[in-house]
Amino acid sequence: MSKPQVGIIMGSQSDLPVMSEAADILEELGVTIEVTVVSAHRTPHRMVEYAEKAASRDLKVIIAGAGGAAHLPGMVASLTTLPVIGVPVKSRNSIDGWDSVLSILQMPGGIPVATVALDGAKNAGILAAEIIGAFDQKIGKNLQDYKESLKEKVLESAKSMEENGWRGNKIGFKK
Ligand code: RP5
């Protein structure tokens, strides 16, 4: 099996339904991944070890998701020079998700976390693929094809709406 290029970590197994969307799109785009649970609060030493060893294990990007007081992405970013993409998760201990969004978004200068939307793990996966695709032609080509397929879907719905009228076309855009 080839080495993982992207590490997907999350604060709890309860984040998996959201975070699996990052895994799914990365696999679709041909990026190799590893997926595990690393909790900033409940396994702080594991978090330090994971973040400190990530670059030497040849990971290229880390996607970190957490809910509530979401310290995992920022703390991992403080311990590595790899790009870290943060996914705020609307968990059951969240206040509408804002706590998680702001914990991940409002990083101090010098320690960036590329924060996606609440539960935006799919975009985190695409962003990670884009970072890798900037240097890897095959992944870059897969991303081009993916974006082309999004365009085709929009054009198909526009055509259907124009030909059949909007009243029969109330089904939302399927990504
Ligand atoms: C965070 O607390 C986790 O990332 C999760 O989103 C949330 C709830 O965790 P569990 O109580 O479900 O393990 O640390």
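Counting starts at 1 for both ligands and their atoms, following the listed order. Since this is a predicted model, take the numbers as computed values, not measurements.
Protein residues having at least one heavy atom under 4.0 Å from any atom of ligand 1 are Gly11, Ser12, Ser14, Asp15, Arg42, Ala66, Gly67, Ser91, Arg92, Asn93, listed by chain and number.
Taken together through direct or relayed side-chain contacts under 4.5 Å among Ile, Leu, Val, Met, Phe, Trp and Tyr, Val116 and Ile63 form part of one hydrophobic cluster. Put simply, Val87 and Val38 are part of two different groups of oily side chains (I, L, V, M, F, W, Y) that touch within less than 4.5 Å, one to the next.
The one candidate from Met10, His41, Met47 that meets the side-chain contact (heavy atoms from CB on, under 4.5 Å) condition with Leu72 is Met47.
Here the CE atom belonging to Met75 is positioned 12.5 Å from the OG1 atom belonging to Thr80, to the nearest 0.5 angstrom. With rounding to the nearest 0.5 angstrom, the CD1 atom of Ile8 is 4.5 Å from the CD1 atom of Ile33.
Counted by atom type alone, Arg92 and Ser12 present zero donor-acceptor pairs between their side chains at under 3.5 Å.
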